[in-house]
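Each chain gets a letter, A, B and so on, in the order its sequence line appears, and its residues count up from 1.
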Protein chains: 2
Amino acid sequence: MQSIVVQTEAVFQALADETRLRIIRLMVVTGDEACLCELVDSLLEPSYKLSRHLKIIRQAGLLSSQKEGRWVYHRLVMEPAYLESLYATVRALPDSNETYSGDLKRFRERLCLREGGRCQIGIQSEEFKSEAG
Amino acid sequence: MQSIVVQTEAVFQALADETRLRIIRLMVVTGDEACLCELVDSLLEPSYKLSRHLKIIRQAGLLSSQKEGRWVYHRLVMEPAYLESLYATVRALPDSNETYSGDLKRFRERLCLREGGRCQIGIQSEEFKSEAG
DNA sequence: TGCATACTTGCACTATAATGCAAGTATTAT
DNA sequence: ATAATACTTGCATTATAGTGCAAGTATGCA
């Protein structure tokens, strides 16, 4: 569920932050969906931070999020058509300091831990696990 | 003269403000260059405001600016290649409240006042003229 | 029923960005 | 020289946005 009418600036605002650009870029490049803990293990940022950025991206109309049990899967929205054009731009960006290739590498490794195509585990990265673990 | 190495977020940051998006969109649609007073008369915003936003756009690597006498002409930069992709996205955006069509209409009218393809006059809009006039 | 856990959010704080005024610079015209 | 003018910028103010902690919600499991 995403809102249809969005301020056009909000679309670019969604990409105007390093963390959000990393999230979007990862999803543009892989074309895959991801849950929060997979993103935490890929970007190595705390879950509350990513959760909030995901909300901003969603409110800008770029992301749809679906709850599946305890997990929430996020995927890029492809309409209206200018979004596909936007993603093409994102795909064309340089990766000067190799942030994105690192994110991508960790994400692909993390995908291997899925069972039946779904994440069945929580945050694996020691640094960002919740205390209870 | 524009810097080559720019933070990728800065590119989107440049479009993440209403005034800057109006400037960029106008130049994307027309493909033309424009001096500050032409932009003031097109967007109906004060010159100091536009001047500062132009600086931000320039620093993001999207704009090159050349002084010609008292006038400074601004035009969009086309390289690296992802910028063309970005402009295609801008061109595809909706114009829900018809801000851009209004800007464009005023800009086209303002272009008619050029002599020899160059602006020879200052701000025409009464509201934004400098006091001395 | 109670606990673990995947995710979200209220709050306080800090950092960044936009705005308006007024003064400044650089260039041309007289 | 002096004045006009196209544009820029320092400064103070306000508005917006990002961050981290800690508490909260919702779901599944024992």
Quiz item: Between CG of A/Leu76 and CG of A/Leu63, what distance do you get to the nearest 0.5 Å?
Solution: 6.0 Å
Distance in angstrom units between [X] [atom1] and [N] [atom2], rounded:
X: B/Lys67; N: C/dT27; atom1: NZ; atom2: C1'; answer: 6 Å
X: A/Glu18; N: C/dT16; atom1: CD; atom2: P; answer: 13 Å
X: A/Arg118; N: D/dG28; atom1: CZ; atom2: C1'; answer: 17 Å
X: A/Ile121; N: D/dG28; atom1: CD1; atom2: C1'; answer: 16 Å
X: A/Gln59; N: C/dT9; atom1: CD; atom2: C1'; answer: 12 Å
X: B/Leu50; N: C/dG20; atom1: CG; atom2: C1'; answer: 13 Å
X: A/Gln124; N: C/dA6; atom1: CD; atom2: P; answer: 9 Å
X: B/Phe128; N: D/dT5; atom1: CZ; atom2: P; answer: 19 Å

Practice problem: Run the numbers on B/Arg118 and B/Glu115 for salt bridge (charged side-chain N to carboxylate O under 4.0 Å, His left out), then give the verdict. | Solution: CA-CA 5 Å; B/Arg118 280 296 177 252; B/Glu115 291 175 36; over 6 Å; no
Quiz item: Quick one: on DNA chain D, does A/Lys49 or A/Arg70 contact a more 5' nucleotide (nearest heavy atom)?
Solution: A/Lys49
Self-check item: Earlier contact from the 5' end, DNA chain D, for B/Arg52 and B/Cys37
Solution: B/Cys37
Self-check item: Check: A/Ile56 and A/Arg20 side chains under 4.5 Å, non-hydrogen atoms
Solution: yes
Would you please confirm or rule out a distance under 4.0 Å between OP1 or OP2 of [N] and any side-chain N or O of [X]?
X: B/Lys55; N: D/dT9; value: yes
X: B/Tyr48; N: C/dG20; value: yes
X: A/His53; N: D/dT19; value: yes

Practice problem: Start with the C-alpha distance between B/Ser65 and B/Arg58, add both sets of side-chain angles, then the distance that settles side-chain hydrogen bond (donor to acceptor under 3.5 Å, both in side chains), and finish with yes or no. | Solution: CA-CA 8 Å; B/Ser65 306; B/Arg58 197 181 322 121; 2.9 Å; yes
Quiz item: B/Glu68 or A/Cys35: which one's nearest nucleotide on DNA chain C is closer to the 5' end?
Solution: A/Cys35
Exercise. Mark yes or no for whether B/Ser85, through its side chain, and B/Ala81, through its backbone, hold a donor-acceptor pair below 3.5 Å.
Key: no
